[in-house]
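In what follows, a single structure is set out as structure tokens and then discussed.
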Amino acid sequence: MRWETIHKDTAQRVAPRLTDYEQTCSGFTWAQARAALDGLPDGRGLNIAHEAVDRHAGPRDADRTALRCVARDNTVSTVTYGELARRTARFANALRALGVGRGDRVFTLLGRCPELYTAVLGTLKNTSVLCPLFSAFGPEPVEQRLRLGDARLLVTTAALYRRKVADSRARLPTLAHVLIVGEGAEELPGTVSLDELMSAAADTFTIPPTSPEDMALLHFTSGTTGTPKGAVHVHDAVVAHQATAAFALDLHRDDVYWCTADPGWVTGMSYGIIAPLVHGLTVVVDEGDFDARRWYRILGEQRVSVWYTAPTALRMLMRSTPAEGPYDLPRSHDLSALRFIASVGEPLNPEAVVWGQRVLGLPVHDNWWQTETGSIMIANYAACDIRPGSMGRPLPGVEAAVLCRGPDGRALVTDGRVTVAQTPGTVGELALRPGWPSMFRGYLHDEKRYEAAFADGWYLTGDLAERDADGWYWFVGRADDVIKSSGHLVGPFEVESALMEHAAVAEAGVIGKPDPVAGNIVKAFVSLTPGTEPTPELERRLLAFARQRLGPAVAPREIAFDQNLPKTRSGKVMRRLLRARELGLPSGDLSTLEGPA
Ligand code: ATP
Ligand code: MG
């Protein structure tokens, strides 16, 4: 194998506290993880906001820093656990005063800012349901989701309201209240200033009894394969947030932790807000946008110890900091506090794992999960060695399997039964045994689709994977994206990864293009590194490079250059759109497409 396994002891800057995979998994139960949380006083149930905030706001811990916010101009402000408890209590009281209660949907349309944390956790305290929207969405996707989610209240800024909500407000009869963060509510009819409501509200709040099965969060999926689905999560999910963050991110109370995911997506919620606060640590909140210089400075100046990011962000850093050095940018910052790096969202090419090791001094731990699973399921994690290019191994409490595949790539279901592939290396649909606490409880208003995601006691993920003889899982592609070419099944990830090993290639998206002889041929769309010219000669060189790496059956037959590969706003290449454009088909739902269509 070209990419060598990275031993767990060298993958972190301190000796791993979890040292052995089998030992970590053996005897673990979710009941045990649940018992490690507080629960509401007097047995009144389990509430995410209590675990994330109130239990750290007692006299011993109230002065510890919960949030360290880095504004766009780099000024830093902090919020303690005690202050966060008071602010979220005020927010919950404000909701109550407006008549917004249990199960009512509260939406946020905000960038990363302290008020977002207040709104999310205050909503959960009030046993209302929080649904985050990505602040860069256009007016249509915002309206679509507010309607689908039966929004009762929205928290946003005056500028975002004016641009993205004002025009559709009359078409959203359930939306009773809009709260404006910062200035500007006076000029906007039908809105109220959040500040005013908060200052009129009391800063103590008793969380009402909360059943672990009460709906807590509504998350729309990324829309990579089609129309986004609204995944429903309950308060019990916090059990999985806590446990998986310990296993897969190695979070501890003394950490300074930075998650770069936007809070509009499930990662930014589960691991940007909930899990780290449940662990009682300090969360870095970056209010700015991606910029390599800024990011290295935050890692250094804030003394970040655990960093959770995504393949697109890593690839952008790689472009600005090539592995062949001289690494001026990272070397000009003191990254000595950094001890653990993890990534999620898309397949992480092995090169990026190793780039981390060379340039940042630590390899990147890839992990896999979905909006539906609510928490990390499979990971290269503290207790196991890293296999670059692999998603890792199932976390304790997670039972995964590869199912035998039918002709459409997805699991073969016969009379309601599926077959688990026994031979290592078999490609099939990745499935999970339901029962972990953060498992989604439904797609909102789409019972049929929810039911279709299960067969024979398994949850079918829609992703194809293989398991090696030692138990590491390898992502092959989404079932919808897999290419059937001359009798072979080609996973786009393998082809994209091989292309990205070429110095000229920044990113790639691979699709199947119908062909009368082969059924499909593999076609790659490639964006080039800065300063590289798209010439026919380069195309020939890339085709030869890929053929040499992958062999003729898998290598692309065609390569097109495209500096603007279509991506979802959560950073995933939209292969379905590349395909639709190539074949002249309708584009489908583009609500999560980044930039101009
Ligand atoms: P939609 O379901 O609307 O098409 P989506 O699947 O992209 O969108 P998310 O729930 O945000 O929505 O993403 C989960 C998917 O992202 C996974 O099913 C998988 O395809 C991909 N993914 C996440 N992490 C990884 C990883 N580490 N390696 C490979 N793929 C990953
Ligand atoms: Mg999905």
Side-chain angles (χ1 to χ4, degrees), residues 25 28 30 33-34 48 131-132 212-213 215-225 228-249 259 261 265-275 278 308 310 342-348 365-381 390-403 410-411 429-444 446 449-455 457-465 467 473 475 478-479 568 570 572:
C25 290
F28 172 88
W30 290 111
R34 198 169 282 116
I48 295 175
C131 179
E213 286 302 313
M215 183 172 169
L217 300 161
L218 174 66
H219 274 296
F220 288 98
T221 60
S222 288
T224 313
T225 49
K229 300 151 272 186
V232 171
H233 290 281
V234 298
H235 279 271
D236 203 38
V238 69
V239 175
H241 295 146
Q242 196 275 348
T244 56
F247 291 130
L249 305 176
C259 169
W265 305 110
V266 72
T267 306
M269 179 63 59
S270 302
Y271 295 99
I273 300 180
I274 298 170
V278 171
Y308 196 20
S343 161
V344 74
E346 264 217 304
L348 183 67
H365 296 78
D366 188 19
N367 60 55
W368 176 95
W369 58 292
Q370 308 178 305
T371 308
E372 289 87 342
T373 69
S375 66
I376 301 169
M377 295 282 107
I378 296 179
N380 287 280
Y381 67 105
S390 139
M391 313 190 278
R393 307 180 75 176
L395 291 194
V398 174
E399 185 185 349
V402 172
L403 303 183
R410 298 211 53 165
E429 184 164 359
L430 179 62
L432 300 164
R433 187 73 84 183
W436 69 95
S438 65
M439 166 85 192
F440 73 134
R441 301 300 199 264
Y443 288 126
L444 194 72
D446 201 348
R449 197 164 193 175
Y450 182 68
E451 278 164 17
F454 297 86
W458 291 96
Y459 163 61
L460 313 178
T461 66
D463 284 346
L464 300 186
R467 185 172 48 82
Y473 282 74
F475 183 79
R478 292 161 184 270
T568 67
S570 51
K572 301 162 196 261

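Residue numbers run from 1 in the order of the sequence given.
- Put simply, the side chain of Asp366 does not reach to within 4.5 Å of the side chain of Val344, judged on heavy atoms.
- Counting only heavy atoms from C-beta outward, the side chains of Ile378 and Arg393 never approach each other to under 4.5 Å.
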*Going through the distances and angles, do Gln370 and Tyr459 end up as a side-chain hydrogen bond (donor to acceptor under 3.5 Å, both in side chains)?*
CA-CA 12 Å; Gln370 308 178 305; Tyr459 163 61; 2.7 Å; yes
*Going through the checks in order, is the side chain to side chain contact (heavy atoms under 4.5 Å, CB included) test met by Leu464 and Leu430?*
CA-CA 6 Å; Leu464 300 186; Leu430 179 62; over 6 Å; no
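- How far CD of Gln242 is from CD1 of Ile274: 12.5 Å, rounded to the nearest 0.5 Å.
- Taking OG of Ser390 as the reference point, atom CZ of Phe475 lies at 12.5 Å (rounded to 0.5 Å).
- Here Leu403 contributes atom CG and Thr461 contributes atom OG1; the two are 8.5 Å apart, rounded to the nearest 0.5 Å.
- When side chains are defined from C-beta on, Pro396 does not count as touching Trp30, because their heavy atoms never get closer than 4.5 Å.
- Classification of Glu429 and Arg410 as a salt-bridged pair holds, one side-chain N sitting under 4.0 Å from a carboxylate O.
- At least one side-chain heavy atom of Tyr381 sits less than 4.5 Å from a side-chain heavy atom of Leu395.
- Remark: the Thr568 side chain and the Ser570 side chain contain an N/O donor-acceptor pair separated by less than 3.5 Å.
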*asked:* Using the rule given for side chain to side chain contact (heavy atoms under 4.5 Å, CB included), can you reason through Met215 versus His233, listing the C-alpha separation, both sets of side-chain angles and the distance that settles it, and then say yes or no?
replied: CA-CA 6 Å; Met215 183 172 169; His233 290 281; over 6 Å; no
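- Side-chain contact between Val232 and Leu218 is present, with at least one heavy-atom pair separated by less than 4.5 Å.
- No side-chain donor from either of Asp463 and Tyr473 sits under 3.5 Å from a side-chain acceptor of the other.
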*His219/Phe440 under side chain to side chain contact (heavy atoms under 4.5 Å, CB included): CA gap, chis, key distance, verdict*: CA-CA 10 Å; His219 274 296; Phe440 73 134; over 6 Å; no
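- From Glu451, atom CD reaches atom CG of Asp446 across 10.0 Å, with rounding to the nearest 0.5 Å.
- Asn367 is listed as a side-chain neighbour of Tyr308, based on a closest heavy-atom distance under 4.5 Å.
- Between Phe220 and Tyr443, a ring centre-to-centre spacing not shorter than 6.0 Å is recorded.
- In terms of heavy atoms, His241 sits closest to Gly374 at NE2-O, 3.4 Å.
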*Mind running side chain to side chain contact (heavy atoms under 4.5 Å, CB included) on Leu249 and Ile376 for me, showing each step along the way?*
CA-CA 10 Å; Leu249 305 176; Ile376 301 169; 4.3 Å; yes
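- Across every non-hydrogen atom of Trp458 and Leu432, the tightest pair is CE3-C, 3.4 Å.
- In this structure, the ring of Trp265 has its center no less than 6.0 angstrom from the ring center of Tyr271.
- In this structure a side-chain-to-backbone donor-acceptor pair under 3.5 Å is present from Lys572 to Gly345.
- Under the 4.5 Å side-chain criterion, counting only non-hydrogen atoms from C-beta, Pro394 is not in contact with Glu399.
- No donor-acceptor distance shorter than 3.5 angstrom exists from the side chain of Arg433 to the backbone of Val398, with no hydrogens or angles considered.
- Contact annotation: the side chain of Met439 never approaches that of Thr373 to less than 4.5 Å [non-hydrogen atoms, C-beta and beyond].
- Here the shortest heavy-atom pairing between Ala231 and Thr371 reads CB-CG2, 4.0 Å.
- Side-chain atoms of Ser375 and Ser438 include a donor-acceptor pair closer than 3.5 Å.
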